[in-house]
J.: 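First the structure, then my questions, so here it is.
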Amino acid sequence: MPLTDLLPQLSLAEKAALLSGDGDWWTQAVPRLAVPAVELGDGPHGLRTETGKDMVWLPSTCFPTLSALAATWDRDLVREVAAAIGVEARAMGVHLVLGPGVNLKRTPLCGRNFEYPSEDPWLTGRLAAAYVDGLQSTGVGACVKHFAANNQETDRTRVSVEADERTLRELYLAAFEHVVHEADPWALMCSYNRVGGTYASAHPWLLTTVLRDEWGYPGLVVSDWDAVHDKVASVRAGLDLEMPGTGGRTDAEVVEAVRRGELDEADVDRAARRVLHLVDRAHPAPGPLRGLGHRPGDTLTPTQEELLGAAAHHELARRAATASLTLVRNTGVLPLDPSSPARIALVGGYARVPRIQGGGSAGVRPTRVDTPLDALSAALGDRLVTAEGYRVGASDYYQEQPVPTDPDSDEALADEAVALAAGSDVVVAVVGLPLAADSEAVDRTDLALPAAQVSLLRRLVALDVPLVVVLQAGSAVTMDPWHDGTAAVLLTGLAGQGVGQALADVLLGRADPGGRLTETYPLSLADSPGMPAVTGERGHVVYGEGVLIGYRWYDALDRPVRYPFGHGLSYTTFTLDDLHVEVLDAAAGRVRCAVQVTNTGARPGTQVVQVYVGDPESAVHRPVRELKGAVKVALDPGERARAVVELAGRDFAYVDATSGAWRREGGTFVVEVGVSSRDLVARAEIELPDDPGLPPVVRDEDLPTAPVAWAVGGDGPARV
Ligand code: GLC
């Protein structure tokens, strides 16, 4: 019998108790009716489970963070990684994994960008749906977060996001909507921030009008931790589960409010039913791993390794890292020849202690870590010489001690590295952001690498020795003034515990770098969207750039960038030709795009074919182009394949704020195909009619003159 059938037997107090957690990680059990508790656990790129009174972190596989995993543009691989995370969750007895995060990278400053896939809603939604599919295929639930518009860490528990309805629906809600419809996640987590002045945890428009009435979402909505400010208002708005537990305090508030007629018991029943449904889906079973005990500092026993699948998952972490490494510049120095006697200088503390993940609740204690130093030493032996180059804090890969200021030490380390490099044939400098710069609850204030690293890179590019820069960061960084002097730049993102072997394999040509940028790398912070008050002030942040974030912004302003969205190089070359764009059903907006991809080089490699749509004439300003399809192909030398993308429905539409509805405005549309948002090799124009299913756009002259609330608040947008 489904547990939801027990609802009529529950007292009001028992139902109210179900609406908040038991401690930090559990739902409430109802022993009287044998309703078990369910365990929730972070995080998106690997499990963090705290065991025992010491809150010891059990080791688990640290996969590439979601921003790095997204750089693979490979839904199958994302699904495979998520399924592995599900296997580890089951071993640990966790029933709901608190991920993926699908918030968009509105500004490169956001400290949690490493946890988020992209600046683009289409790509974010597709990859997140694959993640949810993979995770839930193992019988473990996914909890998609943070709903909604949590795009900065600054003032995150209070700031009110002021955004118009079109911006919310076209960008910040779109990925959630896609995942809800395509992957049926067990849960969504509401965000800390306010939207239009109302906390997301008590936002009727978000939690009921949009999520339930429009999208028909049947799953559970859980709060972010301590994000509930008024439990009665939250239950009324559509929140189901408050985390963590409040020791009964807010349960009593709910009971009292029902008794006083301030809260409808039907609202309590609705939330309690969703909690019971979650428990039904979870089939709670204690994880075998947890029963084996674990003390601070313990490594995994062979039995624990086996239960976790640690060895196979480490290989998967390596493979995922390899597919995510993004080669953005190569003057021909890469790949290095592993058989050459050339002397290679490996410089940088992050080669010894690589940056594999960001900080905060997503942290994972890795089962093992491949370091670039170990992997390259094993491959090159005494042809590899190494120098620290700059100071890094002591790190156990999920915490990193800050580096005290000490210019003399920096200078000495740089002198040593420069001297070593000067006598080498190639220099590989591994640099990156410290953990504190890629962390929850903090945003960066600039996009620069640490000064000691910039200083070292300036000196290295001044040498007459080819310089390969390997950059480990969870979001975009600026590359002046060293960039133009480099021979190659390879971005690893925060690529998890397999990054060292992946880097060695790519640098030495044993693997092709498979990554493509999922966020734009601007030339400067000032060029990026929303500046200068991009994270707001006085408790408000205005999304005045509207739908123009990421490449949409740089394209609208025709602004040069360091590296565009979608960019990435292979070690081979490809051509895209013979584009065919066919309108299959004009009324439905069904269009098929096909292009031939040929590997014209001498090495196997992968290419990501991207399809963008533009609507040059419409009643509202629209982005120059929007990503609406992507296909990753792997080809041997001389091999060719046809990449086919089908467009339909909303791919040509925008949200008409006068009605809040998506609509396609008839006319000419441009379909472009390329390998980045700025490298478009073919285009076609098609004509599509007005979307017959929607009302005509209200003409400007017919719009009412009465001032209309612009930002969407808890009661929803004011209709014109
Ligand atoms: C944190 C994060 C959320 C995480 C939760 C539990 O504050 O915002 O992503 O899953 O709390 O740790």
Side-chain angles (χ1 to χ4, degrees), residues 20-27 38-51 55-58 60 62-63 65-67 82 85 89 92 94-105 110-117 124 128 131-132 135 140-159 161 172 175-176 179 185-195 199-201 219-229 234 239-246 278 357-365 398-399 438-443 474 494:
S20 59
D22 177 2
D24 284 345
W25 302 111
W26 295 84
T27 60
V38 160
E39 183 172 359
L40 290 64
D42 287 316
H45 62 266
L47 263 294
R48 185 187 80 254
T49 49
E50 299 157 353
T51 55
M55 303 297 273
V56 171
W57 288 15
L58 263 173
S60 63
C62 181
F63 289 102
T65 60
L66 267 284
S67 58
I85 290 172
M92 292 175 166
V94 169
H95 308 105
L96 186 71
V97 170
L98 301 173
V102 298
N103 296 108
L104 298 186
K105 303 176 196 261
C110 178
R112 287 188 91 168
N113 273 345
F114 74 93
E115 287 192 60
Y116 302 144
T124 298
Y131 181 104
V132 171
L135 181 69
V140 173
C143 178
V144 186
K145 63 188 185 181
H146 307 86
F147 191 66
N150 177 192
N151 308 103
Q152 65 187 59
E153 293 304 288
T154 303
D155 201 15
R156 69 170 177 163
T157 61
R158 186 194 60 163
V159 73
V161 170
Y172 299 103
F176 288 97
V179 181
W186 289 11
L188 254 62
M189 180 191 292
C190 77
S191 58
Y192 283 119
N193 54 281
R194 292 179 287 158
V195 177
Y199 278 107
S201 61
L220 175 119
V221 177
V222 60
S223 75
D224 202 338
W225 268 232
D226 298 318
V228 172
H229 301 269
S234 287
L239 183 83
D240 303 311
L241 176 61
E242 171 187 21
M243 291 301 289
T246 61
L278 174 73
Q357 62 182 331
S361 62
V364 172
R365 182 178 172 202
Y398 50 91
Q399 285 160 340
D438 280 317
S439 280
E440 179 176 342
V442 176
D443 291 332
L494 297 179

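Numbering starts at 1 and runs along the sequence shown. Order of appearance sets the numbers: ligands from 1, and atoms from 1 within every ligand. Side chains included, hydrogens not; waters and symmetry mates left out as well; all remaining heavy atoms used. Small disclaimer: the values here were computed from a predicted structure and weren't measured.
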J.: Are side-chain heavy atoms of Leu58 and Met92 found at a separation under 4.5 Å?
T.: yes
J.: For Glu153, which part has a heavy atom under 4.0 Å from ligand 1: side chain, backbone, both, or neither?
T.: neither
J.: Should you measure from each heavy atom of Lys145, which atoms of ligand 1 turn up under 4.0 Å away?
T.: 3 (C), 4 (C), 9 (O), 10 (O)
J.: Check Val97 against Gly43 and note the closest heavy-atom contact, atom names and distance.
T.: CG1-O, 3.8 Å
J.: Is ligand 1 less than 4.0 angstrom away from at least one heavy atom of Glu440?
T.: yes
J.: Got an N/O contact under 3.5 Å between Trp25 and ligand 1?
T.: no
J.: Give the numbers and elements of all ligand 1 atoms closer than 4.0 Å to a heavy atom of Asp42.
T.: 4 (C), 6 (C), 10 (O), 12 (O)
J.: Would you name the heavy atoms of His95 and Val140 that are closest together and state the gap between them?
T.: O-CG1, 3.6 Å
J.: Just say parallel, tilted or perpendicular for the rings of Trp25 and Trp225, cut-offs at 30° and 60°.
T.: tilted
J.: Tell me, which protein residue and heavy-atom name are nearest atom 7 (O) of ligand 1, and how many Å apart are they?
T.: Tyr192 OH, 2.7 Å
J.: So Val159 and Thr154, do their side chains get closer than 4.5 Å, heavy atoms only?
T.: no
J.: Taking all non-hydrogen atoms of both residues into account, name the closest pair between Asp443 and Gly111 and its distance.
T.: OD1-N, 3.0 Å
J.: Does ligand 1 have an atom under 4.0 Å from some heavy atom of Glu115?
T.: no
J.: Which is closest to atom 5 (C) of ligand 1 in terms of heavy atoms, Asp226, Val97, Leu98, Asp224?
T.: Asp224
